[in-house]
Amino acid sequence: QVQLVESGGGLVQAGGSLVLSCAASGRTFSSYAAGWFRQAPGKEREFVAAINWSGDNTYHRDAVKGRFTISRDNAKNTVYLQMNSLKPEDTAVYYCAARSGTGYYTTDGSYNYWGRGTQVTVSS
């Protein structure tokens, strides 16, 4: 129904920036809410940011507020995560997720479509 592919990860020094992209294919993606999650080795997957279907409502985890920004371009079927002022503790595999609905969702159990992830490594 919906397929998601993340890209844009890589190695960056502390204080640097990266932009992650989540390209979606499938029916009526513009009606789907989306989110970003991340998982470091040996740790649970955690919520990063969420956006509703129209892009006019967003929510960001406290640890990334003021540094990360989620956005979407429905004409391109793509969700983005702009990451600034990166810290070593941001190092993780970042996953894009989606679900039908008009709200925004902050728990991994709320989503039923997932990408395979993209690695972000921040060196000190």
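Because the structure is predicted, anything quoted here is derived from the model rather than measured.
- Note on Val93 and Leu20: separate hydrophobic clusters, where clusters join Ile, Leu, Val, Met, Phe, Trp and Tyr whose side-chain heavy atoms are under 4.5 Å apart, directly or indirectly.
- The two residues Ser21 and Thr78 have their closest heavy-atom pair at CB-CG2, 4.2 Å.
- Counting only residues at least two apart or on different chains, the side-chain hydrogen bond (donor to acceptor under 3.5 Å, both in side chains) pairs with a member in residues 35-44 are Arg38-Glu46, Arg38-Asp90, Arg38-Tyr94.
- Checking each of Tyr95, Trp114, Tyr105 against Phe37 for a ring pair (Phe, Tyr, Trp, His ring centres under 6.0 Å) leaves exactly one that passes, namely Trp114.
- Criterion: ILVMFWY side-chain heavy atoms under 4.5 Å apart, direct or through other members. Under it, Phe68 and Val12 are part of a common hydrophobic cluster.
- Linking ILVMFWY side-chain heavy atoms closer than 4.5 Å, directly or via other members, places Val2 and Tyr111 in two distinct hydrophobic clusters.
- Rounding to the nearest 0.5 Å places CZ of Arg61 at 10.0 Å from OG1 of Thr106.
- Proximity of a side-chain donor or acceptor of Arg72 to a complementary backbone N or O of Asn52 within less than 3.5 Å is detected.
- There is a path of hydrophobic side-chain contacts, each under 4.5 Å, that joins Tyr113 to Ile70.
- In this structure the side chain of Arg99 never reaches within 4.5 angstrom of the side chain of Trp53, judged on heavy atoms.
- Enclosure of atom CD in Gln1 is not indicated, since only 12 or fewer non-hydrogen atoms of other residues, nucleotides or ligands lie within 6.0 angstrom.
- To the nearest 0.5 Å, the span separating CZ on Arg116 from CD on Gln3 amounts to 10.0 Å.
- Closest of all the heavy-atom pairs between Ala24 and Leu4 is CB-CD2, 3.7 Å.
- The closest donor-acceptor contact from the side chain of Thr118 to the backbone of Gly9 lies under 3.5 Å.
- The number of heavy-atom neighbours closer than 6.0 Å to CD of Glu89, taken from other residues, nucleotides and ligands shown, is above 12.
- One finds the CD atom of Gln119 at 7.5 Å from the OG1 atom of Thr91 (value rounded to the nearest 0.5 Å).
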Can I get a per-line list of side-chain donor-acceptor pairs under 3.5 Å for residues 79-88, giving both atom names and the distance, sequence neighbours left out?
| from | atom 1 | to | atom 2 | distance (Å) |
| --- | --- | --- | --- | --- |
| Gln82 | NE2 | Asn84 | OD1 | 2.9 |
| Asn84 | OD1 | Ser17 | OG | 2.9 |

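- Side chain of Thr58 to main chain of Ile51: no donor-acceptor pair is present (N/O by atom type, distance under 3.5 Å, no hydrogens or angles).
- Remark: Lys76 NZ is loosely packed, at most 12 non-hydrogen atoms of other residues, nucleotides or ligands lying under 6.0 Å away.
- Here Arg67 contributes atom CZ and Thr69 contributes atom OG1; the two are 10.5 Å apart, rounded to the nearest 0.5 Å.
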